[in-house]
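Start at 1 and go down the list; that is how both ligands and their atoms are numbered. Side chains are part of it too, since the values below use all heavy atoms of this structure and drop only hydrogens, waters and symmetry mates. Positions are given from 1 along the sequence.
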Amino acid sequence: MPRIIVTGAFGQIGSELTSALREQYGPDNVVATGRHVPEAASSAGPAEVLDVTDAASVQETFRRLEPDIVYHLAARLSAVAEQDPESAWQVNVEGLRNVLRAARDVAAERMFWPSSIAAFGPDTPRIAVPQDTIMRPTTIYGIAKVAGELLCNYYLARYGLDVRGVRYPGVISSGSPPGGGTTDYAVEIFYAALQRGKYTAFVRADCVLPMIYMPDCINAATKLMQAPRERLLHHNSFNVTAMSFSAGELAREIKRHLPNFVCKFAPDERQAIADSWPQSLDDSAARKEWGWQPSYDLPAMTEDMLATLRARL
Ligand code: SER
């Protein structure tokens with residue numbers, strides 16, 4: 001069995017990805033790391049504190065654990081990154097470089113690192129963004145993602161480190177909530193609808209963004225990581241998407257299940273970030289090169305989110 005390290009393992013994607021990897025590879029083969037380790041975490045499998053901005057700790061941890069596979073998810077999301085660009089750069093770029101270096105030094109077999117729709121900018125076509133296109137993001141989060149994509153390509157070309165990645169759209173999840181992202185409204189709305197019957201979204205009703213539901217998000221990562229290397233032409237930063245909808249359409253879809261739900265819209269500074277991102281993506285390269293295929297559209301995701309959260313809340 002391969003030995004796996006996950007960074008950012010207690011975040012929105014990390015927590016569900018770690019569970020999925022433990023089911024597949026056995027709990028003891030997947031080491032969950034994070035800046036803070038929640039108390040309950042160690043009962044599910046090995047868990048360690050790891051701050052990816054601390055190069056020496058990253059080196060020490062990788063040398064000790066000798067991972068074959070690395071999933072590097074530790075990052076600041078877009079809205080919090082705007083509040084502290086210096087620290088966002090430290091975590092999202094320096095942190096990535098520390099992990100790439102350590103993965104290379106222990107000759108890890110494969111590494112996954114996610115980019116994002118935030119890597120695009122106002123000059124990018126907004127509809128059906130091609131795989132290879134203009135990348136001129138205006139947020140520090142997006143600039144760090146472009147730098148990261150290029151850095152991953154460099155480690156692949158220069159050192160032969162098999163680092164792979166996708167550009168995730170907004171991720172909707174019922175497990176761990178996101179923190180500090182621009183697409184967080186698409187998750188918050190479900191909690192608010194069930195708990196309070198009302199929600200005020202921080203974007204306009206007509207704000208359209210591409211999205212993906214967590215099971216597809218996990219599937220994209222694990223499927224890409226299992227793809228035969230020789231079939232990958234793009235390797236890093238594949239566009240992947242599952243659905244595109246406006247905040248108003250999402251509210252209407254929830255209302256079909258909860259007729260009394262009331263949604264208002266009060267855009268704040270996050271609207272400008274959303275406006276710089278595309279509305280939909282062309283993910284045909286991912287479909288062709290490693291068989292990407294999402295399962296959830298807006299109605300299927302909404303039904304599953306409501307059922308899962310209702311059972312839990
Ligand atoms: N969902 C992320 C965010 O909103 C974008 O990658 O920050």
Side-chain angles (χ1 to χ4, degrees), residues 7-8 11-17 71-85 87-89 91-93 95-96 112-122 124 126 129 135-149 152 165-191 201-204 207-214 216-218 220-221 236-247 250 267-281 283 286 294 296 301 305:
T7 73
Q12 185 195 14
I13 299 177
S15 56
E16 299 201 34
L17 179 67
Y71 285 86
H72 174 46
L73 303 172
R76 294 273 154 81
L77 286 181
S78 57
V80 285
E82 283 312 307
Q83 284 156 19
D84 188 351
S87 115
W89 189 264
V91 176
N92 293 12
V93 181
L96 169 61
F112 177 84
W113 172 78
S115 184
S116 156
I117 51 165
F120 302 116
T124 308
R126 296 209 74 197
V129 174
M135 318 278 298
R136 294 174 57 82
T138 47
T139 62
I140 193 69
Y141 177 78
I143 296 167
K145 286 297 188 193
V146 173
E149 290 187 7
C152 287
V166 297
R167 293 182 184 129
Y168 278 132
V171 177
I172 301 171
S173 60
S174 58
S176 290
T182 301
T183 55
D184 292 13
Y185 64 89
V187 181
E188 288 173 5
I189 192 171
F190 285 98
Y191 284 81
F202 54 76
V203 292
R204 293 187 311 267
C207 174
V208 177
L209 286 172
M211 300 277 175
I212 192 171
Y213 191 35
M214 188 55 90
D216 284 329
C217 168
I218 301 299
N236 283 298
S237 34
F238 282 96
N239 286 0
V240 293
T241 187
M243 56 190 111
S244 282
F245 51 76
S246 69
L250 175 59
D268 65 14
E269 70 286 349
R270 288 167 281 190
Q271 182 66 61
I273 301 179
D275 285 340
S276 74
W277 293 352
Q279 298 189 340
S280 60
L281 306 178
D283 59 6
Y296 288 86
M301 176 276 291
M305 270 297 276

The answer, listing residues by chain and number that come under 4.0 Å of ligand 1 through any heavy atom, is Leu77, Ser78, Ser116, Tyr141, Gly181, Thr182, Thr183, Trp277
Would you say that Cys207 contacts Gln271 through its side chain, given a criterion of any heavy-atom pair below 4.5 Å between the two side chains?
yes
Can you name the residues that form a ring pair (Phe, Tyr, Trp, His ring centres under 6.0 Å) with Tyr71, not counting sequence neighbours?
Phe112
Got a sec, which residues hit salt bridge (Lys or Arg N to Asp or Glu O under 4.0 Å) with Asp268, two or more places apart in sequence or on another chain?
Arg270
Tyr141 vs Ser116 side-chain heavy atoms within contact, under 4.5 Å:
yes
Indicate yes or no: at least one non-hydrogen side-chain atom of Leu209 is less than 4.5 angstrom from one of Trp277.
yes
For Phe120, which residues count as a ring pair (Phe, Tyr, Trp, His ring centres under 6.0 Å) partner, sequence neighbours excluded?
none
